[in-house]
Amino acid sequence: MSGSSGSGGGGDFTPDRQDCSQLVLETQLSSPKPTVVAGLEVDQVLAVDVRNMNGANVVVVLAGREVAGGLASPAVQRLRECIEQGYRFKAIVLLINQGQVRVRVQAA
């Protein structure tokens, strides 16, 4: 489902009629933490959670208990809503390139 008509480039997502259990997006980590990223491997499964940072609820990817980075995608608001409704998500590491990490986020 990569037929996005937007000019973005942040990831694939079809917002209309997509329920939380079917939500899948591919995107890069925003503000990746170099010390955490150094320990990641392709195909590693990471947790996805909502954390309050500086007064805002943001979606983060966790390696163990450490934040690997945030998620930057047009679908993040919907993902956050789903997590707040009790759905659980995981992030699978697809690519690591010079500190940049691409992940696929899907229901756990």
Hey, does Leu71 have a side-chain heavy atom less than 4.5 Å from the side chain of Val60? no
For [range], which residue pairs pass the disulfide bond (SG atoms under 2.5 Å apart) check, not counting sequence neighbours?
{"range": "residues 25-75", "answer": "none"}
{"range": "residues 25-78", "answer": "none"}
{"range": "residues 72-108", "answer": "Cys20-Cys82"}

Between Ser31 (side chain) and Gly69 (backbone), is there a donor-acceptor pair under 3.5 Å? no
Linking I/L/V/M/F/W/Y whenever any side-chain heavy atoms sit under 4.5 Å apart, do Leu25 and Val50 land together? yes
Please report, to 0.1 Å, the donor-acceptor pairs under 3.5 Å made by any side chain of residues 86-100, with sequence neighbours excluded.
residue, atom, partner, partner atom, Å
Gln100, OE1, Gln28, NE2, 3.3

Test log, rule side-chain contact (heavy atoms from CB on, under 4.5 Å), inputs Leu79 and Leu23: CA-CA 8 Å; Leu79 178 61; Leu23 181 63; 3.8 Å; yes
Extract all donor-acceptor atom pairs below 3.5 Å that involve side chains of residues 32-48 and protein atoms in other chains or at least two apart in sequence.
residue, atom, partner, partner atom, Å
Gln44, OE1, Glu41, N, 2.9

With salt bridge (charged side-chain N to carboxylate O under 4.0 Å, His left out) as the rule and sequence neighbours excluded, what pairs involving residues 50-60 come up?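 Passing the test, one end in residues 50-60: Asp49-Arg51.
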Identify, with sequence neighbours excluded, every residue that meets salt bridge (charged side-chain N to carboxylate O under 4.0 Å, His left out) alongside Glu81. Arg78
Minimal heavy-atom distance between Asp19 and Ser21, with the atoms involved, is OD1-OG, 2.6 Å
Sorted by chain and residue number, the side-chain hydrogen bond (donor to acceptor under 3.5 Å, both in side chains) partners of Arg104 (sequence neighbours excluded) come out as Glu26
